[in-house]
Structure formats: structure tokens, C-alpha cells
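Structure first, then comments.
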Amino acid sequence: MMFISQVLMQLLGFSLLALSLNRHYQQVAGRTKRLSKIKIKWFRIAGYGILCVSAAIIIVLKGFAVGMTYWLALATLDALCIALILTYRAKWLRYFVKIK
């Protein structure tokens, strides 16, 4: 259960960080207008916040050395997944993050 929650939290965090970039936001949302500075700020705050919370949870459960190793390994896999999704199927990201 911990593995699944870590993967999902990191996927959400990296998705929000990717959406804070205008290029990726336009890929996913299919819009030509640019993001406002407030949305960029909140996407980044939420993305970094979720990643920090996921790191804190795994560190508390596994200890610092093992927890950080585990977290970084999962972060690498999740970042690769987000990169592949944005490269090949950007519209799939709509299912992870609701865009209004």
C-alpha cells in the first residue's frame, strides 16, 4: 500500500510541476492561451508541496537513508513516466489532474 501511495503522490506532484510550464499546459489542455502567473505559482507550490510530503512520509516510515534512497528511486521512475506521457500521450494527463 505504501508503494502505491508513494507512486501516486509523486505522479501528481510531477504532473503539477510539468503543468506549471506553459508548453506542457498547452499540450495537455489543448489551449493556445498562456497560464496566468497565479496559476503557475499555485501549480508549483502544490507540486513541490506534494513531493515534500511524500518524502517526509517515506523518511518517517523507513528512516532517512533508506527512505531517501527509496524516494529517489521512485521519483526517477515517476519522472520518466511523466516524460513519456507528455511525449506520446499528453492528453492522458487530463485524467490525473483536472484542468478548468
Side-chain angles (χ1 to χ4, degrees):
M1 190 66 179
M2 179 185 60
F3 176 77
I4 294 171
S5 65
Q6 283 293 311
V7 168
L8 292 177
M9 285 180 73
Q10 287 183 4
L11 277 174
L12 181 61
F14 283 124
S15 297
L16 288 170
L17 287 176
L19 289 174
S20 71
L21 301 171
N22 280 317
R23 177 177 177 226
H24 296 308
Y25 183 80
Q26 290 171 356
Q27 276 181 312
V28 174
R31 298 180 184 156
T32 56
K33 70 177 189 177
R34 300 177 67 82
L35 276 171
S36 66
K37 290 185 179 185
I38 294 172
K39 277 189 180 181
I40 290 172
K41 178 182 171 184
W42 283 110
F43 278 157
R44 287 183 183 165
I45 289 172
Y48 283 124
I50 290 171
L51 289 175
C52 289
V53 167
S54 72
I57 289 171
I58 199 69
I59 288 171
V60 167
L61 293 175
K62 296 285 187 181
F64 185 76
V66 174
M68 282 306 292
T69 304
Y70 189 77
W71 187 83
L72 288 170
L74 284 178
T76 303
L77 293 174
D78 288 333
L80 177 66
C81 288
I82 293 297
L84 291 174
I85 288 172
L86 286 172
T87 302
Y88 296 107
R89 301 281 185 214
K91 293 179 183 177
W92 286 1
L93 201 56
R94 289 182 190 168
Y95 297 114
F96 291 113
V97 180
K98 297 290 182 187
I99 297 176
K100 294 180 181 181

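Since the structure is predicted, the reported quantities are computational estimates derived from the model, not experimental observations.
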Side chain proximity check, Ile82 to Leu17, heavy atoms < 4.5 angstrom: no
Single-linkage hydrophobic cluster, 4.5 Å side-chain cutoff, Ile40 and Leu21 together: no
Partners passing side chain to side chain contact (heavy atoms under 4.5 Å, CB included) against Ile57 (at least two apart in sequence or in another chain): Gln6, Met9, Val53, Leu61
Smallest separation among heavy atoms of Ala46 and Leu16, with atom names: CB-CD1, 3.7 Å
Minimum heavy-atom distance between Phe43 and Ser20, given as atom pair plus value: CB-CB, 3.7 Å
Rounded distance [0.5 Å steps], CZ in Arg23 versus CG in Leu35: 14.5 Å
Other ILVMFWY residues reachable from Ile45 by side-chain steps of under 4.5 Å: Ile38, Trp42
Selection residues 54-78 - residue pairs positive for side chain to side chain donor-acceptor pair (under 3.5 Å), sequence neighbours left out: Ser54-Trp71
Common cluster, Phe3/Val60, ILVMFWY with side-chain heavy-atom separation under 4.5 Å: no
Qualifying residues under side chain to side chain contact (heavy atoms under 4.5 Å, CB included), relative to Ile4, sequence neighbours excluded: Leu8
Set of side chain to side chain contact (heavy atoms under 4.5 Å, CB included) partners for Ile59, sequence neighbours left out: Phe64, Met68
Closest contact, heavy atoms only, Leu86 versus Ala18: CD1-CB, 3.7 Å
Stepwise side chain to side chain contact (heavy atoms under 4.5 Å, CB included) test for Leu19 and Lys39: CA-CA 10 Å; Leu19 289 174; Lys39 277 189 180 181; over 6 Å; no
hydrophobic_cluster_shared for Leu11 and Tyr48, side chain cutoff 4.5 Å: yes
